[in-house]
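Order of listing sets the numbers, starting from 1, for every ligand and every atom in it.
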Amino acid sequence: MSTGGSATVRAFAPGRVNLIGDHTDYTGGWCLPIALPWGTTVEGTPGGDRVRVSSGLDDTTTDLPIDRAPSTPVQGWARHVAAVIAEVSPAQGFTGRISTTLPIGAGLSSSAALQIALALALGFDGPPLELARLAQRAEHRAVGVPCGIMDQLASVSGRHGHALLIDCTSLEVLAVPVPDDAEICIVDTGQSRALAGSAYAERRAACEAAAEHVGPLRDASLDDVEALSDPTLRRRARHVVSENRRVMTAAKALRRGDLATVGEAMFASHRSLRDDFEVSTPVLDEVVDALAATPGVYGARLTGAGFGGCVVALCEPGALPAAAAVTPSRGAFRTPAAGPSEPGTRPR
Ligand code: GLA
C-alpha cells in the first residue's frame, strides 16, 4: 500500500532496556532503564477520516475509522492502532506505514514504541508525561495487561548517553550519565513470553495484597515484609522492597563510575526475580550464569517482565562480541518526513 506518495510526517519512538528495577513501577518504586537506539517509525500523511497503516513486518494493513469503535473485534497489532485512536481522538485520519528495528515481543517495549510513535503521527501534541500516560492507557486497553509506566516514560524521556532514574510515584525522571567505559549489551533468548500477561497481572495483584498489610511497598522496610504471614506475598514483597534499594545503589554507583557495584546489584536483582518474584525461566538463568562466568562482565539480569525475552549485561567494551551492544539514545520525536531527522520536534 502507498503512504499517499509523499509522506509529510515521520514519528519515531524507541524501545527500552531496563538496567535494573523490574516489577517496581506499578507499586510506585524506582527503575533505571535506557531508551534504545532501536525503535518504531510511523511515516505518512494526515487527512481523511480513517487511519490506514501498513506494517513492514507482516505486510498487513489496518484501516479503522477515527470516530467510532470498530464493529468487529480487532486482533494482532491492529489492537494497538485501535487503542491509540481511541486515546488520541485525532482530528483527522492518517495514511501511512509502520516499520521497526525492534524485535517484537522480546521484552524491549515494542508495543509502547508503536503506541507512542503512532500517537505522535496522529497529531498528539502535549508534554512527554502526558504522552507516556496516554500510551500506558492504550496498552491497558489493547491487551488488558495492567502494566506500569516505565516503558512509556523511558521511550518519551530517552537521553543520549544517559540512563533514566524514574521515580514511579512522582514520575520524575533523572538522567544518570553512563560512563564511556561501560558497555550495555542485550542477549535475546528468543524465548516466547506468551504467558507473561496473566502472570504479570497475578504478580501485580500479589504486590497490592502485600501493600494492604504493610503499606506502600516503596516505604516498607525488609522487617515489615518479613512479618507478612503468607509466604508467597512475603517473597513478592521482599523482591520489590529489595529491588528498590538495588536501583538506588546502582544509580549512585553508575553516577560515580563504580561499574562493579552496579554489576553486583544486577546479579542480585536477577536472583531476586528468580527466587522471590519467580518470573525467570531456566533459559534466562542459564544465560545469566554463563555471563557471570565471562571475563569483563560486571553484571547481568533478565530485563522487563520476565518469562522469557532478553538478558541485559553491563560489561567492559568488547567483552561480549556475540551480543548486541546498545547506546542510551534519545526519546520519541516527530519531524516533517521530508525534513532533517535531527533534531526533530520533541513532545513539549
Ligand atoms: C513490563 C511492563 C512495565 C514493567 C515491567 C517490569 O515491561 O510494561 O510496566 O512493570 O514489565 O518491570
Are any of the N/O atoms on [X], whether in the backbone or the side chain, positioned under 3.5 angstrom from an N/O atom of ligand 1?
X: His23; result: yes
X: Asp151; result: yes
X: Gly148; result: yes
X: Tyr200; result: yes

Using a strict cut-off of less than 4.0 Å between a Lys/Arg side-chain nitrogen and an Asp/Glu carboxylate oxygen, indicate whether [X] and [Y] qualify as a salt bridge.
X: Arg236; Y: Glu278; value: yes
X: Glu43; Y: Arg97; value: no
X: Glu264; Y: Arg246; value: no
X: Asp285; Y: Arg271; value: no

To the nearest 0.5 Å, how far apart are OG in Ser99 and CZ in Phe12? 9.5 Å
For Arg203, is the nearest heavy atom under 4.0 Å from an atom of ligand 1? no
Could you list the atoms of ligand 1 found under 4.0 angstrom from a heavy atom of Tyr26? 10 (O)
Numbered atoms of ligand 1 (with element) below 4.0 Å of Cys147, judged on heavy atoms: 2 (C), 8 (O), 9 (O)
side-chain hydrogen bond (donor to acceptor under 3.5 Å, both in side chains): pairs with one or both residues in residues 33-42, sequence neighbours excluded: Thr40-Thr100
What part of Arg16 sits under 4.0 Å from ligand 1 if we count only heavy atoms: the side chain, the backbone, both or neither? side chain
Non-neighbouring partners of Phe267 that pass ring pair (Phe, Tyr, Trp, His ring centres under 6.0 Å), sequence neighbours left out: none
What protein heavy atom is closest to [atom], reported as residue, atom name and distance in Å?
atom: atom 9 (O) of ligand 1; answer: Asp25 OD2, 2.6 Å
atom: atom 12 (O) of ligand 1; answer: Asp22 OD1, 2.5 Å
atom: atom 5 (C) of ligand 1; answer: Met150 CE, 3.8 Å

Please say which of Gln136, Glu87, His80 ends up in a side chain to side chain donor-acceptor pair (under 3.5 Å) with Arg141. Glu87
